[in-house]
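Working notes, beginning with the structure itself.
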Number of protein chains: 2
Amino acid sequence: MSQQDDVPTAPWERPRKRQAPARIPLTRERIVEAAFVVLDRDGYDKLSMRQVAAELGVAVSALYVHVDDKDELLQLMYNRLFDDVELPEPDPETWQEQIKDFARDGRQRLLRHRDMARISMQHVPFTAELLPHVERLFGILRAGGLPDRVTAIAGDLLSTYMEGFTLEESMWQDRMKDSSWTVIGSRLENYFASLPPDRFPNLVALADLMVGETNDYRFELGLDIIVRGLASYGTHSDSDQDEAS
Amino acid sequence: MSQQDDVPTAPWERPRKRQAPARIPLTRERIVEAAFVVLDRDGYDKLSMRQVAAELGVAVSALYVHVDDKDELLQLMYNRLFDDVELPEPDPETWQEQIKDFARDGRQRLLRHRDMARISMQHVPFTAELLPHVERLFGILRAGGLPDRVTAIAGDLLSTYMEGFTLEESMWQDRMKDSSWTVIGSRLENYFASLPPDRFPNLVALADLMVGETNDYRFELGLDIIVRGLASYGTHSDSDQDEAS
DNA sequence: AAGCGAGAAGAACACTGTTCACAGATTGAT
DNA sequence: ATCAATCTGTGAACAGTGTTCTTCTCGCTT
């Protein structure tokens, strides 16, 4: 898409008002895009305004024309990551699976970009761009017959779990990089298993279960625990009014 | 405790081996302590090695004799915050309440220091100092009759919720400082309620429930959801072997 | 009393986010 | 077609940051 800029405009072609701008104009979108490139290549710690500017072949200060803050840039990245989520029409029959899909999809999106989970924990809770998604999520939960006060909390609970789990997950990979997961796993398992059994009987006993399973499995089980808890608030939305005081 | 250092040693008193050291020696503990002072006064963004050093009246480089990294310092702060937790003897009768108390206590500790939740999300998942607590937590969960594979995940789930909730909670207070909570609340509620009802029926309907309640209530409800989910894996630990595939 | 070794000091390096006055090109109007 | 105005990108600068290096000084042991 950049090579056609180099081709001189043929004389019989009416040149556009803005005749073939040698530099594609800087936009928020292009900045966000470049930020993702830097993030994936160098990681969050190296994601600086200067690096992003260098990626675009542009001066640092140029970025500040389009973006107020580094914070705003991070926010834009987060928003773009969840730009195109499409939540299904609420279905009372399969609401539990719909909820789980929401969380699964969120995790996958965060895993798409390196260190993205760390950025996600920094974002301001509610942003206008994300409102439609929250709206849909609430629709699903209400369709499932959950009491409103549970629904109002469930959104927070789910996204907190999703982001928190993914953060921890990607932190492991980060702290012990240049090792495959199986290597990390067995190393950790050995560590737990080698603890003095008299002082740490439970840790020793659960050593294999803590690291033996895949992240997918662990995420799925945690998700199931939450959804079961939600479901326990049942379809009959009045009988439990006084249980959580 | 510092004024007796200024009093000259009386001649008839045998001076100690180290005679009245004008400077109390720098230790890890003192550095951590100073870091907490800076954190509480200036917040996480201003918590720099230089500020900590200034708080102690000491050069920056002196800190690095006792502390490898800023990362290590943060880790030490996190550890000290949970130093003196005492989890109760596992009791099969009240395990649910014991679990809840664990999470409640954790939240309170994080709230004790400004921005502490932000630091907590940065810590490495398992550290030797925290092993005894995990051990006890597992004991409680197993005493409650939970299957081992659920127990192995529950620890993560609980601390993720606790830390994530507290982070979000303290982020609100931070973003809209110089406003009391009731002001923030009503402002937010107005915002949600003012959304176009045709596009956001659920958000409008739940507006008051989302912000009307206190953080304590919301935390408690989320906790209840999780504990219910855990409890649903029941005391009969074999019947649900194939439910979460 | 001399010497040794640990701990603190100060300066330096290579970064960071952000702002400023200035130049350059692109636009609209004359 | 020329001029003015507007905006966008530039380069330099400021005030910080984490970390390391060499120097120096102090307290303790021999």
Side-chain angles (χ1 to χ4, degrees), chain A residues 2 5 8-9 14-35 38-39 41-77 115 118-119 122-123 174, chain B residues 5 8-9 14-35 38-39 41-77 115 118-119 122-123:
Chain A
S2 64
D5 294 335
T9 320
R14 268 283 291 309
R16 312 278 183 85
K17 273 189 149 183
R18 171 192 301 181
Q19 59 167 22
R23 295 119 160 213
I24 348 165
L26 213 49
T27 63
R28 287 173 145 239
E29 273 312 313
R30 286 192 61 220
I31 294 177
V32 172
E33 201 177 329
V38 174
L39 182 67
R41 172 161 32 79
D42 304 330
Y44 179 65
D45 293 323
K46 301 284 183 186
L47 175 59
S48 67
M49 300 300 267
R50 282 176 164 84
Q51 280 300 318
V52 174
E55 186 65 32
L56 291 164
V58 127
V60 215
S61 45
L63 302 180
Y64 285 87
V65 178
H66 306 270
V67 164
D68 280 356
D69 258 342
K70 185 181 182 182
D71 255 19
E72 194 188 79
L73 175 54
L74 295 178
Q75 185 71 46
L76 288 175
M77 295 173 75
D115 288 343
R118 274 164 77 182
I119 297 180
Q122 214 161 327
H123 79 169
D174 212 84
Chain B
D5 293 335
T9 320
R14 267 282 290 306
R16 312 278 183 85
K17 274 189 145 183
R18 172 193 302 179
Q19 58 164 23
R23 296 124 159 204
I24 347 166
L26 212 50
T27 62
R28 285 172 146 241
E29 274 311 313
R30 285 191 63 220
I31 294 177
V32 172
E33 201 178 329
V38 175
L39 181 68
R41 171 161 33 79
D42 304 329
Y44 179 65
D45 293 324
K46 301 285 182 185
L47 175 59
S48 67
M49 298 302 267
R50 281 174 164 85
Q51 280 301 318
V52 174
E55 186 65 33
L56 291 164
V58 128
V60 215
S61 46
L63 303 180
Y64 285 87
V65 177
H66 305 270
V67 164
D68 279 355
D69 259 342
K70 184 181 183 183
D71 256 19
E72 195 188 78
L73 175 54
L74 296 178
Q75 186 71 47
L76 288 175
M77 295 174 76
D115 288 342
R118 274 165 77 183
I119 295 180
Q122 214 160 325
H123 80 169

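Chain letters run A, B, ... following the sequence lines, proteins first, then strands; residues in each count from 1. Worth saying up front: this structure is predicted, and the values here are computed from it rather than measured.
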Subject >> Base of dA8(C) paired with side chain of Ser61(B) (donor-acceptor, under 3.5 Å) >> reply: no
Subject >> Given dG17(C), dG10(C), dT19(D), the nucleotide with the shortest approach to the side chain of Ala59(B) >> reply: dG10(C)
**OP:** Figure out the CD/P separation between Glu72(B) and dT19(D), and round it to whole Å.
**Re:** 11 Å
Original post:
Rounded to the nearest Å, what distance is computed from the CD atom of residue Gln51(B) to the P atom of nucleotide dG16(D)?
Top reply: 9 Å
**OP:** Just compare dG9(D), dG17(C), dA8(C) and give me whichever is closest to any side-chain atom of His66(A).
**Re:** dG9(D)
Subject >> Non-hydrogen side-chain atoms of Ile31(A) and Leu76(A) separated by less than 4.5 Å >> reply: no
Original post:
Taking CE from Met49(A) and C1' from dT19(C), how many angstroms apart are they, rounded to a whole number?
Top reply: 12 Å
Original post:
Do Val58(B) and Leu26(B) touch side chain to side chain, with heavy atoms closer than 4.5 Å?
Top reply: yes
**OP:** Take atom CG of Leu56(A) and atom P of dG9(D), then tell me their distance rounded to the nearest Å.
**Re:** 10 Å
Original post:
Which is true for Val60(A) with a 4.0 Å heavy-atom rule: it touches a base, it touches only sugar-phosphate, or it touches nothing?
Top reply: base
Original post:
Lys46(B) has an atom NZ; how far is it from atom C1' of dG16(D), in whole Å?
Top reply: 9 Å
Original post:
Is the shortest side-chain N to carboxylate O distance from Asp45(B) to Arg118(B) below 4.0 Å?
Top reply: yes
Original post:
When the distance from NZ of Lys70(B) to C1' of dG16(D) is rounded to whole Å, what number comes out?
Top reply: 12 Å
**OP:** Kindly determine whether Leu56(B) and Leu63(B) satisfy side chain to side chain contact (heavy atoms under 4.5 Å, CB included), including the steps that lead there.
**Re:** CA-CA 10 Å; Leu56(B) 291 164; Leu63(B) 303 180; 4.1 Å; yes
Original post:
Val58(A) has a side chain; which of dG17(C), dG9(D), dG18(D) sits nearest to it?
Top reply: dG9(D)
Subject >> Distance-only donor-acceptor test, Arg50(B) side-chain atoms vs dG18(D) base atoms, 3.5 Å >> reply: yes
Original post:
Can you check the Asp45(B) CG to dA15(D) C1' distance for me, whole Å?
Top reply: 16 Å
Subject >> Interatomic distance where CG belongs to Leu26(B) and C1' belongs to dA6(C) [whole Å] >> reply: 13 Å
Original post:
Would you say Lys70(A)'s side chain and Leu47(A)'s backbone share a donor-acceptor pair under 3.5 angstrom?
Top reply: yes
Original post:
Considering only dA12(C), dT18(C), dT10(D), which nucleotide approaches the side chain of Ala62(A) most closely?
Top reply: dT10(D)
